[in-house]
There are 2 protein chains.
Amino acid sequence: MKTADEFCHLNVACEDCGLSRLCLAGELSQEEVKQLGQVMTCRAGVEKGDHLFHANDQFDTIYAIRAGTIQSYLLMGDGQEQITGFHLAGELLGLEAISSQHYLYHCKALERSSVCEIHFQSFSQLAHTLPKLQQQLLFIMSNELAHSNQFNQLFGKQSARSRLVSFLLNMSARFQHRGFSATQFHLSMRRCDIAHYMGMNIETVSRIFSQLQQEGLIAAKGRYLHLLDMRQLKKISLGFHSD
Amino acid sequence: MKTADEFCHLNVACEDCGLSRLCLAGELSQEEVKQLGQVMTCRAGVEKGDHLFHANDQFDTIYAIRAGTIQSYLLMGDGQEQITGFHLAGELLGLEAISSQHYLYHCKALERSSVCEIHFQSFSQLAHTLPKLQQQLLFIMSNELAHSNQFNQLFGKQSARSRLVSFLLNMSARFQHRGFSATQFHLSMRRCDIAHYMGMNIETVSRIFSQLQQEGLIAAKGRYLHLLDMRQLKKISLGFHSD
DNA sequence: CGTGGAATTGAGACGAATCAAACTGAGTGG
DNA sequence: CCACTCAGTTTGATTCGTCTCAATTCCACG
């Protein structure tokens, strides 16, 4: 995670960004990537707690995360944060605002982060001349739809235990996809955020962590996490009852 | 619903379709809509139980629902159908398959329906020459993302009662948006499908229906439904405890 | 070393799932 | 026309899991 943290200070151009394959640059040629660079600005040094945008703000910018973790959430009637997602490097934020022209939730950094601000109107015009760029956006949105649906299934019937393990495996896969370890990583959110995200309460999350630890399936020390038995964890996430 | 049923027999062209505002045609000019018509074929007479596609099938077609109701679902390990969505006239199916090139779930008709089959590759090429078409697809996908997120919130914390009422109000809003009554309509799915969709079991759904009926909030006769007290129902959907 | 936020652990309450049984209504055939 | 079936639905009794409330411990920070 050191390297990611260092990234936060730098204004790296698209063509030098290690995340371009996850991001809008995708399969673009070097020349095309340069054009893409002209409709965005890099905003390094987003500090912990800083907001990218708020719910109901006028939409004009898509954000690409270069480093760090961003949390999206809503404020409920009782003042509680209903967390709608945790977003990692390479992911885009604000896509669901294109149709309504207003952001649907608040987005704040869970740690020191770095983002690219993509002015959507300029981007859109550029995309008219670059079919590959248009296609890449389409792919990313399709992918988000797919994952969002997966998420829905997950939360249908399963027990809190299964769902929480699914969450951990999901984070694991996402870290792995970014070149980090699949079994050892640092969660940048609090237990309480996980709970609100999963629609559970803190105590339940905590209990399940303890339980998994006693069973030797994970080792958790604060926010550091070590997944010890992936096979068994995968079983649990699929709803099999371990003994 | 009669009119919708009659539609199922007709091969209406895009330019004559009452749903074009909900669909890909969107804000296209008459000439452009005709071009759109050339990359799609209308498939009338999809019978109850017919499948549009199955999970893991190779993706090549986006489906637009012209009339009827389509159910998307997955088959779980134990053979049960995990229902992932109910889709009404004007909605597009298959968008989440663009990135992986494989459909993610099964889609079957809950009643006699009618769909447009849009060959995606041809569509995609056409879209390169028609920016407005590209934009319309973008808007639709953004909208789906937004609704999918809304759905997630819904299912976070709330009680079965709140969630079920939310589901009914969601159906109501969608019917209204299509020009039907917001308070009286026919649900084309079984109680058991609703249950599986909402991640509850049949008995719970049935009990809540009975309960709402006793309280005079709804009148249900089989699959026909009459929402009697919208104000109160909205309160319940937001999590307020009625007495 | 003390403070406050976060996490853990325990005991009891409540809601939804499960198991079991009865009811309804559409369709079938004698 | 009635008896039968069968899928779908409703209702009741019980069990199980998660939430709630309360108390304690842990840890980062000044």
Side-chain angles (χ1 to χ4, degrees), chain A residues 48-49 71 76 78-83 110-112 155-168 186-215 218-225 236 239-243, chain B residues 48-49 71 76 78-83 110-111 154-167 186-215 218-225 236 239-242:
Chain A
K48 178 172 178 173
Q71 179 188 80
M76 307 309 277
D78 55 5
Q80 268 211 336
E81 289 184 1
Q82 167 66 37
I83 286 153
L110 281 180
E111 57 189 342
R112 167 170 264 257
F155 292 175
K157 305 183 80 77
Q158 309 277 7
S159 68
R161 182 177 156 96
S162 290
R163 282 157 51 205
L164 187 55
V165 169
S166 296
F167 169 76
L168 296 180
H186 176 259
L187 293 171
S188 46
M189 68 291 288
R190 301 170 297 184
R191 297 275 189 280
C192 137
D193 296 325
I194 298 176
H196 287 148
Y197 176 57
M198 305 292 295
M200 308 175 188
N201 61 8
I202 317 162
E203 294 93 326
T204 303
V205 169
S206 181
R207 264 183 261 272
I208 294 170
F209 264 90
S210 305
Q211 191 186 338
L212 292 170
Q213 205 154 3
Q214 274 174 14
E215 296 168 34
I218 67 171
K221 191 179 160 196
R223 296 188 185 175
Y224 278 95
L225 199 62
I236 293 172
F240 292 101
H241 304 287
S242 73
D243 17 295
Chain B
K48 178 173 176 171
Q71 179 188 80
M76 306 311 277
D78 55 4
Q80 269 211 337
E81 289 184 359
Q82 168 65 37
I83 287 153
L110 281 180
E111 59 189 340
L154 205 86
F155 292 175
K157 304 183 79 77
Q158 308 278 7
S159 69
R161 182 178 157 95
S162 290
R163 283 156 51 204
L164 187 55
V165 169
S166 295
F167 169 76
H186 176 259
L187 293 172
S188 46
M189 68 292 288
R190 301 171 298 183
R191 296 275 187 282
C192 139
D193 296 326
I194 298 176
H196 287 147
Y197 176 58
M198 304 293 294
M200 309 174 189
N201 62 8
I202 318 162
E203 293 95 324
T204 303
V205 170
S206 181
R207 263 183 260 273
I208 294 170
F209 264 90
S210 305
Q211 191 185 338
L212 292 171
Q213 206 154 5
Q214 274 174 15
E215 297 169 34
I218 68 171
K221 192 179 161 195
R223 296 188 185 177
Y224 278 95
L225 198 63
I236 293 172
F240 292 100
H241 305 286
S242 74

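Remember, predicted model here, so these are calculated numbers, not experimental data. Throughout, a chain's letter reflects where its sequence line sits, starting with A, and its residues are numbered from 1.
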Specify the separation, in whole Å, of atom CG of A:D193 and atom P of C:dG5. 15 Å
Could you pick out which residue, A:T204 or B:M189, lies toward the 5' side of DNA chain D when each is mapped onto its nearest nucleotide? B:M189
Nucleotide C:dG25, atom P - distance to OH of B:Y224 in whole Å: 16 Å
Would you say B:N201 reaches C:dA16's phosphate, i.e. side-chain N/O to OP1/OP2 under 4.0 Å? no
Looking at A:R223 and A:R190, what are the two nearest heavy atoms and their distance? NH2-CG, 2.8 Å
Please check the phosphate of C:dT9 (OP1 and OP2 only) for any side-chain N or O of A:S210 closer than 4.0 Å. yes
Side-chain heavy-atom pair A:I194, A:L164 within 4.5 angstrom cut-off: yes
Starting from C1' on C:dA17, measure out to CD on B:Q80 and report it in whole angstrom. 13 Å
Contact between A:M198 and A:V205 at the side-chain level, heavy atoms closer than 4.5 Å - yes or no? no
Check the distance between C:dA7's P and A:Q211's CD and give it to me in whole angstrom. 18 Å
Rounded to the nearest Å, what distance is computed from the CD1 atom of residue A:I202 to the P atom of nucleotide C:dT9? 15 Å
If you look at every heavy atom in A:R163 and A:Q158, which pair is closest and at what distance? CD-O, 3.4 Å
Which whole-number value in Å describes the distance from B:H196 NE2 to C:dT18 C1'? 13 Å
Figure out the CD/C1' separation between B:E203 and C:dA20, and round it to whole Å. 10 Å
Could you tell me from which nucleotide to which nucleotide of DNA chain D, 5' to 3', there is an atom under 4.0 Å from chain B heavy atoms? D:dG8 to D:dA13
Could you report the tightest heavy-atom contact between A:T204 and A:A160, atom names first, then the distance? CG2-CB, 4.0 Å
Considering all heavy atoms of both residues, which atom of A:S162 and which atom of A:G239 are nearest to each other, and what is their separation? OG-CA, 3.7 Å
Between A:H196 and A:Q82, which heavy-atom pair has the shortest distance, and what is it? O-NE2, 3.5 Å
Rounding to an integer number of Å, can you tell me how far B:R190 CZ sits from C:dA26 C1'? 15 Å
